[in-house]
Amino acid sequence: QVQLVESGGGLVQAGGSLRLSCAASGRTARNYAMGWFRQAPGKEREFVSSIDWSGAFTHYLNSVKGRFTISRDNAENTVYLRMNSLRPEDTAVYYCADGRGAVVTSRDIDYDDWGQGTQVTVSS
């Protein structure tokens, strides 16, 4: 089992930037894909981005392509989500998760463990 702790959320104006971090401990997360999901009030959780075990391959929700960048530091067992040009519709609790396999995936059933989430609020 992997323990995941997200940080970096906060309140930002539209057009601003944030960088989320997810520190993993326990099972070696570096061998597995990692993902970011989000859940806005009254909405279902949705996929945001995924990165494979090596960091070479990434996948994004269409609405965040070109604005968000996922990356990972396997030496530090940490995955990041850089979010630029934030919009009010990006407001949500953001969760990181570790994959059951090594390749990118947008399906939440392909993830084993989840963090507690970090709130991102974008004001207009």
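All residue numbers in this chain count up from 1 along the given sequence.
- Residues V2 and L20 fall within the same hydrophobic cluster, defined by Ile, Leu, Val, Met, Phe, Trp and Tyr side chains chained together at heavy-atom separations under 4.5 Å.
- Summarising the geometry of A102 relative to N31, their closest heavy-atom pair is CB-O, 3.8 Å, with the distance given to 0.1 Å.
- Ring pair F68/W36: centre-to-centre distance not below 6.0 Å.
- Separating the OG1 atom in T58 from the NZ atom in K65 is a distance of 9.5 Å, to the nearest 0.5 Å.
- Counting all heavy atoms, side chain and backbone alike, V103 lies closest to A33 at O-CB, 3.2 Å.
- R100 pairs in a salt bridge (Lys or Arg N to Asp or Glu O under 4.0 Å) with only one of the listed residues (D110, D108, D113, D112), which is D112.
- Between the side chain of T91 and the backbone N or O of V122 there is at least one donor-acceptor pair closer than 3.5 Å.
- Using modelled atom types, one side-chain atom of E6 and one backbone atom of Q116 make a donor-acceptor pair closer than 3.5 Å.
- When all heavy atoms are compared, the tightest approach of S124 to A14 is CA-CB, 4.4 Å.
- Linking Ile, Leu, Val, Met, Phe, Trp and Tyr residues whenever their side-chain heavy atoms come within less than 4.5 Å places Y94 and L61 in a single cluster.
- The same ILVMFWY cluster, assembled from side-chain heavy atoms under 4.5 Å apart, contains both V93 and F47.
- In this structure a side-chain-to-backbone donor-acceptor pair under 3.5 Å is present from S50 to T105.
- No path of Ile, Leu, Val, Met, Phe, Trp and Tyr side chains, each step under 4.5 Å between heavy atoms, connects L81 with Y111, placing them in separate hydrophobic clusters.
- No continuous path of hydrophobic side-chain contacts links F37 to L18 [ILVMFWY only; heavy atoms under 4.5 Å].
- Residues V12 and M83 form no side-chain contact, since every pair of their non-hydrogen atoms from C-beta on lies 4.5 Å or further apart.
- Looking at Y95, its side chain never comes within 3.5 Å of a backbone N or O of Q39 through a donor-acceptor pair.
- Between M34 and the choices I51, N74, N77, the side-chain contact (heavy atoms from CB on, under 4.5 Å) rule is met once, by I51.
- Using a 4.5 Å cut-off on side-chain heavy atoms (C-beta onward), S49 and V64 make no contact.
- Put simply, the side chain of R82 does not reach to within 4.5 Å of the side chain of S71, judged on heavy atoms.
- The backbone N or O of Y80 lies less than 3.5 Å from no partner atom in the side chain of S21, so there is not a single donor-acceptor pair.
- Atom CD of Q3 sits about 9.5 Å away from atom CG of D98, to the nearest 0.5 Å.
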